[in-house]
Number of protein chains: 2
Amino acid sequence: MGSSMKDVATLASVSLGTVSNVLNHPELVAPDTAARVHRAIRELEFIPNAPARQLRSHHARVLGLVVPDISNPFFTEVARGVEDAALDAGYVVILCNSDAQAEREDRYLAVLESQRVGGILITPARKSLKPLGRLLGNGVAVTLLDNEAPAQDVCSASVDDRMGGALAAEHALKLGHRRLVWLAGPTDIPQVADREVGLMNAVRSAGASVQRLAAEHMTTASGEMAMEAALSQGMEFTALVCANDLLALGAIRALNRAGLRIPDDISVIGYDDIEFAASAAVPLTSVRQPKYELGHAAARLVISECEDPASHAHQRVQFQPQLVARQSSAPVSASETLGR
Amino acid sequence: MGSSMKDVATLASVSLGTVSNVLNHPELVAPDTAARVHRAIRELEFIPNAPARQLRSHHARVLGLVVPDISNPFFTEVARGVEDAALDAGYVVILCNSDAQAEREDRYLAVLESQRVGGILITPARKSLKPLGRLLGNGVAVTLLDNEAPAQDVCSASVDDRMGGALAAEHALKLGHRRLVWLAGPTDIPQVADREVGLMNAVRSAGASVQRLAAEHMTTASGEMAMEAALSQGMEFTALVCANDLLALGAIRALNRAGLRIPDDISVIGYDDIEFAASAAVPLTSVRQPKYELGHAAARLVISECEDPASHAHQRVQFQPQLVARQSSAPVSASETLGR
DNA sequence: CAATCTGATTGAAAGGTTTCAATTGATGTT
DNA sequence: AACATCAATTGAAACCTTTCAATCAGATTG
């Protein structure tokens, strides 16, 4: 079975406390003693017991990552950023998919609290941050991921969603489109709401029109359904801006099935710029977010708070999105322009 | 701060041991005592300290999931299966991307050992299972994921990769193709090797020819590079079978850039049937694997071993793959057939 | 030479649980 | 009435660390 510090101490003929010092305060121990202890550690293949350590020190190198859905390539990439930053710091990441359901999120938060994680990275399933209050009270470092912190007591790392919405709209407007559709996701997702605000402002100030269409979830399946329903009701437009790439990919399927060509009949603009956007049926114009960097930055924030809560100052890091034009968007056709 | 079992015991006027019994052996405690304790738990918002519990009981409801790359939608979906099974059983999953690098895998295994996880689900980065020996010796439940267990001392959940390779080959052969290319990944990945065996056998016994092309990693980028190199060397063929969908998606880009049409000039067959295979430039014919089920089954195996190591019998679960025909594969063209 | 200081090491307590042998009180048996 | 049985509860030890006050041996100082 695994050996403990006691075994190491015995083999190296020192006390338990000295072994602990070798591990945690090497500056306190004489070089040759340290060498002896290290030899014993190697000999016994001693691996510290993290739970025991955490019990005594109240310091855990474990992070909880709570995201709506890791199947969404956006979050997959964010998760990679989180994980790499965590591993660098000797931390480990517990993956929690909330499916954007409050109930599931609550269950996970309880489990994470029970596990006494040092920090939590969360893209909340709902606006209220109440459920996080308990955690904060118990000294857990919380960082909001892809959401801007509303209050002063947490860090956050996010991307400017209003600007992203505006970028998408301006791209469509610049191509001459006047009749847009905004394919939104659930209204209570803050990212969606912000993108919508940015888009609406841009469209209005250009005097163009935009219709709102809501998908139930941020998935291809939902996007396909929503677009199919809209088309069957005779909705007319020349450009479609989607709250994320999955919705766009789904909507494109419905559009194709209805005999509409992209970008000839309809220009489509996605959001996130997931890897598959580039290999889609028609390479997708999209608003790129620095996904990996977002996760990486968020993890570094939360880790720094874990390491030294006392001197930690809460921060909000915000990244800028960027429009990537591909074949799915094109100037509005002449017939369309005249057709009105 | 969080309250402990001692606080609960005091409030409910019982001993510590009784509180523990309420939590772990409710059958031993009188109904009204239990009720009193539960009231106290609710009152104090007591949440058990999992690390302390694990320290004493040597039983942790924590799993390590080690995969090459969660960005690969195949593993994303597998991970969802793992996570759902875990949450159902009150377990939590630590996500570890090995990037298929032995060094990174070793680092993670050490961290997982330090965390004293109850079980590990792993798609090994290399053939040797040596590094797992230590863990097994220390009583950690190990289950091989998407790999068949070679020995008796671990469980495994996998998909029949030889059959998958054969399915892909037979599909191409049935469509009349006689000059195939097998776009393989790194040779030391067992899944790739097995698929290759299945494919080669099928092709040979049909008397057709197949050339082997190797990509460095199982990614779109690698697929694109490999195919580009092959084309620039004048490789000729009518059907391309890929070791996974990402390679296929990448290869298709290179093929398109070279002016080749799919499926008119080249039929392409992928492997995994990731969600994006269906929305690709040309919907991709692929070998479907029950990804979610694979993860779910593997997690259930490892959890059952965690819960009751004594009565646990190691098992190998194997799923069957299935060919999904889409537009990327078509009968070999007449000119091609005659051209030989 | 006594007193003080410094650096290295030690020993014991504490952290929150589970486990198990021991105790208690009530019920049933002879 | 004495005893055995049984269910419920208790108390203390154990799990493996970290922490910190206390000790010790030398070196430095006055």
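Below, chains carry the letters A, B, ... as their sequence lines are ordered, and counting in each starts from 1.
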For the side chain of A:Ser57, starting at C-beta, report the closest nucleotide among D:dC15, D:dT17, D:dT19.
->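 Taking heavy atoms from C-beta onward, the closest nucleotide is D:dT19.
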Would you indicate which nucleotide in D:dT17, D:dC15, D:dT10 comes nearest to any side-chain atom of B:Asn21?
->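 Nearest nucleotide to the side chain: D:dT10.
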Results of salt bridge (Lys or Arg N to Asp or Glu O under 4.0 Å) for B:Arg36 - residues two or more places apart only |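 B:Arg36: no salt bridge (Lys or Arg N to Asp or Glu O under 4.0 Å) contacts found.
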With a 4.0 Å cut-off, would you call [X] and [Y] a salt bridge?
X        : Y        : value
B:Glu103 : B:Arg126 : no
B:Arg61  : B:Glu307 : yes
B:Glu113 : B:Arg107 : no
A:Arg80  : B:Asp69  : yes
B:Asp146 : B:Lys291 : no

Can you tell me how far [atom2] of [N] sits from [atom1] of [X], to the nearest Å?
X       : N      : atom1 : atom2 : answer
B:His59 : D:dC15 : NE2   : C1'   : 16 Å
A:Asn24 : D:dT17 : CG    : P     : 11 Å
B:Asn49 : D:dC15 : CG    : P     : 18 Å

Inter-axis angle, terminal five-pair segments of the helix from C:dC1-D:dG30 to C:dT30-D:dA1 [nearest 10°] =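 The end axes of the helix from C:dC1-D:dG30 to C:dT30-D:dA1 are about 60° apart, to the nearest 10°.
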Using the closest heavy atom to pick a nucleotide of DNA chain C for each, name whichever of B:Ala52 or B:His25 lands nearer the 5' end.
->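 Result: B:Ala52.
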Between B:Ala30 and B:His58, which is nearer to the 5' end of DNA chain D once each is assigned its nearest nucleotide?
->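 That would be B:Ala30.
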Pairwise 5' ranking along DNA chain D for A:Lys6 and B:Asp32, keeping only the more 5' one |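 Result of the comparison: B:Asp32.
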Results of ring-ring contact (aromatic ring centres under 6.0 Å, His included) for B:Tyr292 - residues two or more places apart only =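 For B:Tyr292 the ring-ring contact (aromatic ring centres under 6.0 Å, His included) partners, ignoring immediate neighbours, are B:His296.
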Listed partners of A:His312 passing ring-ring contact (aromatic ring centres under 6.0 Å, His included), at least two apart |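 A:His312 satisfies ring-ring contact (aromatic ring centres under 6.0 Å, His included) with A:His314 only.
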Can you check nucleotides 12-14 of chain D for protein contacts, nitrogen or oxygen pairs under 3.5 Å, and list what you find?
residue	atom	partner	partner atom	Å
D:dA14	N3	B:Arg56	NH1	2.6

Taking every non-hydrogen atom, the tightest pair across B:Ala85 and B:Ala299 =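 Closest pair (atom of B:Ala85, atom of B:Ala299, distance): CB-CB, 3.6 Å.
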Classify the nucleic acid contact of A:Ser20 as base, sugar-phosphate or nothing, counting any heavy atom under 4.0 Å across all strands shown.
->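 Touches a base.
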Looking for any heavy atom pair under 4.0 Å, which part of the strands does B:Pro48 touch: base, sugar-phosphate only, or nothing?
->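 If one applies the 4.0 Å heavy-atom cut-off, B:Pro48 turns out to touch the sugar-phosphate alone, with no base involved.
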Separation of A:Gln115 CD from B:Asn49 CG (nearest 0.5 Å) =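 Interatomic distance, B:Asn49 CG to A:Gln115 CD, rounded to 0.5 Å: 9.0 Å.
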Straight-line distance of A:Arg104 CZ to A:Asp99 CG, nearest 0.5 Å |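 One gets 4.5 Å once the value is rounded to the nearest 0.5 Å.
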Extract, from 5' to 3' on DNA chain C, the first and final nucleotides lying under 4.0 angstrom from some heavy atom of chain A.
->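 Nucleotide range in contact with chain A: C:dA8 to C:dG16.
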Side-chain N or O of A:Ser4 less than 4.0 angstrom from OP1 or OP2 on D:dC16?
->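 No, no such contact exists.
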